[in-house]
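Contents: one structure, followed by commentary.
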Amino acid sequence: MAEETLLSLKNNGPIIIEGNFRIMMADGNEVMVEGTRAALCRCGMSANKPFCDGAHARNQWKAENPAPAPTEQE
Ligand code: FES
């Protein structure tokens with residue numbers, strides 16, 4: 001059975017990805033990620049895209065669609 005990969009949205013913050021994953025940019029180059037967890041920018045203000053650098057908090061970014069509450073999984 002393959003290990004599960006989880007993406008979760010933080011309220012007014014990044015997307016957290018955990019598990020086994022690879023990140024491929026539009027130009028086809030793969031982004032090196034150490035470990036099995038990364039925070040991906042959702043606000044568009046990071047100077048280190050695709051990763052979150054905390055700019056969302058410094059700029060008090062508010063998501064148009066707040067992160068929904070988690071639902072129970074089977
Ligand atoms: S979500 Fe954190 S810098 Fe964009």
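Small disclaimer: the values here were computed from a predicted structure and weren't measured.
Grouping Ile, Leu, Val, Met, Phe, Trp and Tyr by side-chain contacts under 4.5 Å, direct or through others, puts Ile17 with Leu7, Leu9, Ile15, Phe21, Ile23, Met25, Val31, Val33, Leu40, Phe51.
With sequence neighbours excluded, the residues satisfying side-chain contact (heavy atoms from CB on, under 4.5 Å) with Ala63 are Asn12, Arg42, Trp61. With sequence neighbours left out, the side-chain hydrogen bond (donor to acceptor under 3.5 Å, both in side chains) criterion links Asn20 to Glu3. Under the rule for a side-chain contact (heavy atoms from CB on, under 4.5 Å), the partners of Glu30 that lie at least two apart in sequence or sit in another chain are Arg22, Met24. Legend: residues meeting side-chain contact (heavy atoms from CB on, under 4.5 Å) with Lys10, ordered by chain and number and at least two apart, are Pro14, Ile16. With sequence neighbours excluded, no residue forms a side-chain hydrogen bond (donor to acceptor under 3.5 Å, both in side chains) with Asn59. Evaluation of the side-chain contact (heavy atoms from CB on, under 4.5 Å) rule for Asn11 yields Pro66, Ala67 as partners, not counting sequence neighbours.
Sorted by first then second residue, the salt bridge (Lys or Arg N to Asp or Glu O under 4.0 Å) pairs that include residues 47-66, not counting sequence neighbours, are Asp53-Arg58.
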